[in-house]
Amino acid sequence: MSGPGWRHLRRTIDTFELMFVRRGVLPMRVGEQTLHIEAGQIALLPPNVEHAGADIITSDVDFYWMHFKLPDARMLPDDAGLPQDDHCLLLPDERTLPDPDRLAVMCGQLIDIYARFGPYSNAYCDYFATGLLLEVSAQERLKADFATHRTLAGYRGDGKPITSADRVRQQQEWAMHVDSAGAAGDSSGLAPMLAIRSWIMANAFDDITVAKVAARFHYSPSYLTAMYRRVFGVGVAEQIIEYRIDRARELLSSTASSVADIAREVGYADPKYFMRVFKRRTGLTPGQYRDAFPARLYNTV
């Protein structure tokens, strides 16, 4: 984290530097180019090129950075075809990440690993840093899919990635199958439940309850809960909690926000109740979970 009055020092180093901004804007000059790296964006600074802060920052900026060497790296022109071998890292010079939350969690984990097993070079840090770069590369390769669907859903048996777009297509095909079966007497109701789940995902951090969701979609709470559980294996209340706690985990691992502020951000007015729910779901208190990511580096004026 950097506060008002701070400016990145001027230097030339022999390694790449990956910068990832979580909050605010980081002004940088790289050679003759000026960058304003915004929240959710990354920038790759090349080795042996002078870089410095372009301006003194006037508000708080949270960002991660990582130095690494790539001896065989080469620049690709914009019209070049992408290397098909996924063992080849594809790192953009500047990009808005399709899914910054995934990278934020990995950055927090890498800091924790370094704090526990550094500062000397070790295989754990090296391999985890490589995994972080592979995540950036995977998001770059799949940016067309990420533009509308957030995350990788997994990998096929042949090693090719399954994107969320693939999962959505599978769900749509399943819904079509269920709808056609419904005409013959099957009333599983997948299609409306998918719509309800999407709405819950978008509104989970607001003041919503099972009764409010049911009223919005014209069901009784008990019927909605039974149908939702039949389709997804969890009830509506559990689904809301799952989305809230997943978001809380990300905030605990990647921000310095207080537990009370995080509780309010994810939809809990009572921090003590949030802490009970969090421990029941994860087995850890929010403080214990945050301790898994203890070392945060701060820049001062």
Side-chain angles (χ1 to χ4, degrees), residues 1-80 82-83 88-111 113-115 118-121 125-126 128-141 143 254-256 295-301:
M1 177 184 291
S2 301
W6 179 80
R7 181 174 186 161
H8 194 290
L9 59 84
R10 183 173 62 186
R11 62 183 178 181
T12 302
I13 56 178
D14 63 353
T15 62
F16 284 94
E17 182 172 354
L18 181 70
M19 289 184 158
F20 169 36
V21 174
R22 289 295 285 160
R23 178 167 65 100
V25 179
L26 179 61
M28 292 294 297
R29 178 181 57 78
V30 184
E32 300 301 319
Q33 182 182 14
T34 299
L35 306 176
H36 289 86
I37 313 167
E38 300 180 355
Q41 292 184 336
I42 59 171
L44 183 65
L45 281 52
N48 304 311
V49 175
E50 183 182 86
H51 62 263
D55 295 297
I56 295 173
I57 64 172
T58 57
S59 58
D60 289 342
V61 179
D62 295 347
F63 67 99
Y64 296 102
W65 71 95
M66 183 176 78
H67 299 273
F68 59 94
K69 291 187 176 182
L70 291 175
D72 299 323
R74 60 188 179 91
M75 296 289 293
L76 291 176
D78 291 338
D79 57 354
L82 300 183
C88 178
L89 286 171
L90 188 65
L91 303 176
D93 54 358
E94 185 181 12
R95 184 78 71 223
T96 297
L97 288 171
D99 194 352
D101 291 348
R102 283 174 63 95
L103 196 65
V105 171
M106 293 185 73
C107 287
Q109 290 172 327
L110 181 57
I111 290 173
I113 292 167
Y114 180 81
Y120 305 107
S121 178
C125 285
D126 290 347
F128 200 92
T130 301
L132 191 151
L133 294 176
L134 283 167
E135 173 65 27
V136 174
S137 182
Q139 293 199 28
E140 178 66 12
R141 288 179 181 278
K143 59 188 176 185
S254 62
T255 76
R296 290 293 181 269
L297 303 181
Y298 298 90
N299 291 305
T300 56
V301 180

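No experiment lies behind these values; they were computed from the predicted model shown.
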Asker: For the pair Met66 and Leu133, evaluate side-chain contact (heavy atoms from CB on, under 4.5 Å) and give the outcome as yes or no after the intermediate values.
Answerer: CA-CA 10 Å; Met66 183 176 78; Leu133 294 176; 3.5 Å; yes

Asker: Rounded to the nearest 0.5 Å, how far apart are NZ of Lys69 and CD1 of Ile13?
Answerer: 10.0 Å

Asker: Please round to the nearest 0.5 Å and tell me the distance separating atom CG of Leu89 and atom CG of Leu134.
Answerer: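 Reported value, rounded in 0.5 Å steps: 5.0 Å.
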
Asker: Any heavy-atom pair between the side chains of Leu91 and Leu70 that's under 4.5 Å?
Answerer: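 Sidechains of Leu91 and Leu70: in contact.
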
Asker: Any heavy-atom pair between the side chains of Val21 and Gln41 that's under 4.5 Å?
Answerer: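 Not touching, per the 4.5 Å side-chain cut-off.
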
Asker: Any salt bridge between Asp62 and Arg22, counting N to O under 4.0 Å?
Answerer: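 Not counted as a salt bridge, because no side-chain N and carboxylate O are separated by less than 4.0 Å.
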
Asker: For Asp126, does its backbone N or O pair with a side-chain atom of Thr130 as donor and acceptor, under 3.5 Å?
Answerer: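 Yes, because the side chain of Thr130 sits within donor-acceptor range (under 3.5 Å) of the backbone of Asp126.
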
Asker: Mind listing the closest non-hydrogen atom pair of Ser137 and Leu90 along with its distance?
Answerer: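 Shortest heavy-atom contact: OG-N, 2.9 Å.
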
Asker: Taking the side chain as every heavy atom from C-beta outward, state whether Phe20 and Leu97 have any pair of such atoms under 4.5 Å apart.
Answerer: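 SC-SC contact between Phe20 and Leu97 confirmed.
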
Asker: First locate atom OG1 of Thr15, then atom CG of Asn48, and finally report the distance between them rounded to the nearest 0.5 Å.
Answerer: 9.0 Å

Asker: Measure the shortest side-chain to side-chain distance between Asp93 and Val30 over non-hydrogen atoms and say whether it is less than 4.5 angstrom.
Answerer: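 SC-SC contact between Asp93 and Val30 ruled out.
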
Asker: Could you tell me which non-hydrogen atom of Ser59 sits nearest to which non-hydrogen atom of Pro4, and how far apart they are?
Answerer: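 Closest heavy-atom pair between Ser59 and Pro4: CA-CG, 3.9 Å.
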
Asker: Once rounded to the nearest 0.5 Å, what's the spacing between atom CG of Leu35 and atom CG of Leu26?
Answerer: 9.0 Å

Asker: Just how far is it from atom CZ of Arg95 to atom CG of Leu44, taken to the nearest 0.5 Å?
Answerer: 11.5 Å

Asker: Which atoms form the tightest heavy-atom contact between Ala104 and Tyr64, and what is the distance?
Answerer: O-OH, 3.9 Å

Asker: Could you check whether Arg29 pairs with Asp55 (Lys NZ or Arg NE/NH1/NH2 to Asp/Glu carboxylate O, under 4.0 Å)?
Answerer: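 Looking at Arg29 and Asp55, the cut-off is not met.
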
Asker: So Glu17 and Met28, do their side chains get closer than 4.5 Å, heavy atoms only?
Answerer: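 No, side chains not in contact.
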
Asker: Got more than 12 heavy atoms from elsewhere within 6.0 Å of CZ, Arg11?
Answerer: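 Correct, the count exceeds 12.
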
Asker: Within the 4.5 Å heavy-atom criterion, are Val61 and Val25 side-chain neighbours or not?
Answerer: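 When only atoms from C-beta onward are counted, Val25 and Val61 do not touch, as no gap falls below 4.5 Å.
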
Asker: State, with a plain yes or no, whether a side-chain heavy atom of Thr34 is found less than 4.5 Å away from one of Pro27.
Answerer: no

Asker: When rounded to the nearest 0.5 angstrom, what is the spacing between NE2 in His67 and CG in Asp14?
Answerer: 10.5 Å

Asker: Check whether any side-chain N or O of Gln139 sits under 3.5 Å from a backbone N or O of Asp99 as a donor-acceptor pair, and report yes or no.
Answerer: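 Looks like yes, one N/O pair under 3.5 Å.
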
Asker: Using the ring of each side chain (for Trp, its six-membered ring), is Phe63 parallel, tilted or perpendicular to Trp65, with breaks at 30° and 60°?
Answerer: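 Taking Trp65 first and then Phe63, their aromatic rings sit tilted (interplane angle of 30° to 60°).
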
Asker: Just wondering, do Glu38 and Thr96 contact through their side chains at under 4.5 Å, heavy atoms?
Answerer: no

